[in-house]
Amino acid sequence: MTNIACHYPSTAPREFTAASMVANEKIPAVFRHEKNPEATGYGLIAFTNSMITSAAIFYTTSLLDLARVEAGCLDEEEECDALVYGILKPTSLLTMMATIAGAGASVLMPLVGSIVDHSNYRRSVGKYAAVLLTAISAVCIFLSQTTFPFFVILYIFLGFTFLVHNCVACAYVADLTKDHKEMARYMARFSITQYLSFMFGIIVTSGIAMGIGTEDIGAARVAQGLSSIICIIFLGTAWTFLLQEREALSEVPEGSTIISAGFKSLYRTMNEIRSKFPALKWFLLVVCFAEAATGAIIVVSTTYMESVLGMSSTEIGAVFLTVLVAAIPGSLIAKAMTTRYNPFRSIQAVLLLWIVSIPVGASILTGRENWGYIFAMGIFWGIGLGWLHPTNMTAFISIIPPGRESELMGTIIFAGTCLNWFPSLMFTVLNEAGMSMRWGLATLDVFFVLAFFVLFLVGSYEKAVKQSRALLPSPASSPHCSYHDERHGGAVSDVYSDHDASACIAESKALAMTSIVACEPCSGDEINF
């Protein structure tokens, strides 16, 4: 498959230009990675990504408010069935935007991956995507009632631009180092940067908004202004001085074009997985369902909190801050469960947590009179997010054939995003049909239940690992990598001997180890509408 995020073919350490080394020395120590300008550059991008995501929380809440006014629904205490421009209910705006953005992202992923793999324009695409992302973020500051329809369209386009930029930026990660321990340190620091950036964005925006006594639309402008400043400084520094040019990783295959190569490669890889790797096939379906639901939880819950619970953007920001903090113990639970049992059992446990917590939330969060319970639900959902994503990555790394990490890594990225639009579409359809939003929120459980039962089709963890190892090349045909099995508390792990050409294996194992203590690496932040 054409990888759209972390590609692992590089085995030689990067040589940096004198200009990039000088620029790196001028970066403040809190952001600087010594002797590696590109690691510093990616760290700046990771910080910016989370700032954009935190700004989206305030911005989308304001879009809901403006949509309600545009439809003539001025009394927030009464249910309103008026339509925005005669098209859809105000409460369906965000989920419809998420549906459009998610479906478009699924189509764009193979194309962007093909450009990254088969052209010399990786840095150029990333640079121009960063410029466009910065420009759109800055223009979005001017949100108002009269400009509302224009900014709805523009914000959807912001999501596409965010995706393209993040895919190109993540393609630099594999070249940062061939030392798996150093890669683990990089990934851990990137994850911490993302957490702190998100917290910084929520706290600063909320503080400024409350300090000047502004309404939701004012908080949205503050958030976008802050995000735009970070984009100008951080993305400008990263792409201008720190990230370097790249040659094509491979030629466009014969009979393909740069446009079709990614789609053809995706088809071939998925067809091979279907015929040769049954355990991996079912596991990717688990990821499809589970990640679709968790990807939609932010946009659906934002709509629910604003429309049903009557919460302001600063209150909603406080809920997501709670979710973020709760994700930290969630990642620790993931590590403990995976070590004590195995990744499959850990995934089953966290899916049960989601299956129980979603309908409980839909049943007790009925209106403004009990909106405070959302913070308790935020704790459970934060634990679930911090638990599920890294465990999925760890399980995936464990059950793919050694030596094929670089080729198959993109499949879990695609599986985790290809259905992200569907839960939002279901919520929109039910809402437009006049059903209670409580039912719309509860429909997320459908995807968690499907993931839970499909996981049984994968089979036992030990069997899935043995199945992948059965296709391992012999040492004679693959002299660059050897392995042996060890058992820790019933779980199977692999210890690899690192040789000159085994960086792809070492790095992907490092990614799995890193993700278990923070968040899923290399797939990038998603911008949720």
Side-chain angles (χ1 to χ4, degrees), residues 57 60 91-92 94-95 98-99 102 285-309 311 315-316 318-327 329-331 333-334 337 346-367 370-392 416-417 419-431 433 435-456 520 526 528-529:
I57 294 172
T60 53
T91 50
S92 296
L94 295 190
T95 50
T99 300
L285 194 58
V286 171
V287 173
C288 277
F289 290 133
E291 297 290 347
T294 56
I297 190 70
I298 295 181
V299 64
V300 170
S301 63
T302 297
T303 300
Y304 194 91
M305 286 187 280
E306 199 277 343
S307 303
V308 177
L309 305 183
M311 297 173 63
E315 290 171 338
I316 294 174
V319 171
F320 283 114
L321 191 59
T322 302
V323 170
L324 183 68
V325 172
S331 66
I333 294 173
M337 287 289 292
S346 183
I347 293 172
Q348 287 174 331
V350 69
L351 288 175
L352 285 175
L353 174 65
W354 281 109
I355 289 170
V356 172
S357 64
I358 291 292
V360 168
S363 62
I364 66 175
L365 299 170
T366 57
N370 55 20
W371 72 277
Y373 291 126
I374 188 64
F375 289 95
M377 301 313 304
I379 293 174
F380 285 109
W381 294 344
I383 291 173
L385 289 171
W387 185 346
L388 180 62
H389 296 311
T391 311
N392 279 345
T417 56
L419 285 183
N420 274 1
W421 54 273
F422 196 57
S424 299
L425 178 62
M426 286 183 59
F427 182 95
T428 303
V429 170
L430 293 176
N431 189 48
M435 297 187 68
S436 170
M437 282 194 200
R438 295 166 67 185
W439 284 108
L441 178 62
T443 56
L444 295 178
D445 234 29
V446 172
F447 297 90
F448 289 120
V449 170
L450 286 172
F452 181 80
F453 284 107
V454 170
L455 187 57
F456 286 101
E520 181 179 349
E526 292 178 4
N528 297 281
F529 295 91

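Only a predicted model underlies this, so the values are computations on that prediction, with no experimental measurement involved.
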*asked:* Going by side-chain contact (heavy atoms from CB on, under 4.5 Å), Tyr304 matches just one of Ile297, Ile316, Leu441. Which one?
replied: Leu441
*Check Leu353, Leu388, Val350 against Ile383 for a side-chain contact (heavy atoms from CB on, under 4.5 Å) and give me the one that passes.*
Leu353
*Please check if atom CZ in Phe320 has more than 12 non-hydrogen atoms from other residues, nucleotides or ligands closer than 6.0 Å.*
yes
Where is the tightest heavy-atom contact between [X] and [Y], given as atom of each residue plus distance?
X      : Y      : value
Gly378 : Val323 : O-CG2, 3.5 Å
Ile379 : Ala326 : O-CB, 3.4 Å
Met337 : Ala349 : CE-CB, 3.8 Å
Pro423 : Ala293 : CG-N, 4.3 Å
Thr391 : Ala334 : OG1-CB, 3.5 Å
Ser301 : Trp381 : CB-CZ3, 4.3 Å

Is the closest side-chain heavy-atom distance between [X] and [Y] below 4.5 Å?
X      : Y      : value
Leu444 : Trp354 : no
Leu365 : Trp371 : no
Ile374 : Met311 : yes
Val286 : Phe453 : no

*Answer yes if the side chains of Glu291 and Asn392 hold a donor-acceptor pair under 3.5 Å, and no otherwise.*
yes
*Exercise: do Thr302 and Thr60 side chains pair donor with acceptor under 3.5 Å*: no
Nearest 0.5 Å, please: how far is [atom2] in [Y] from [atom1] in [X]?
X      : Y      : atom1 : atom2 : value
Leu309 : Thr303 : CG    : OG1   : 11.5 Å
Leu430 : Leu425 : CG    : CG    : 9.5 Å
Glu315 : Glu306 : CD    : CD    : 11.0 Å
Met437 : Thr443 : CE    : OG1   : 12.0 Å
Asp445 : Ile358 : CG    : CD1   : 6.0 Å
Trp421 : Thr95  : CH2   : OG1   : 13.5 Å

*Return the orientation label for the Phe289 and Phe447 ring planes: parallel under 30°, perpendicular over 60°, tilted otherwise.*
tilted
*Evaluate the ring planes of Phe452 and Phe456, with Trp represented by its six-membered ring, and classify them as parallel (under 30°), tilted (30 to 60°) or perpendicular (over 60°).*
perpendicular
Does any N or O in the side chain of [X] come within less than 3.5 Å of the main-chain N or O of [Y], such that one atom is a donor and the other an acceptor?
X      : Y      : result
Ser331 : Trp387 : no
Asn370 : Ile364 : yes
Arg438 : Thr366 : no

_Test log, rule side-chain hydrogen bond (donor to acceptor under 3.5 Å, both in side chains), inputs Ser307 and Thr91_ = CA-CA 7 Å; Ser307 303; Thr91 50; 5.4 Å; no
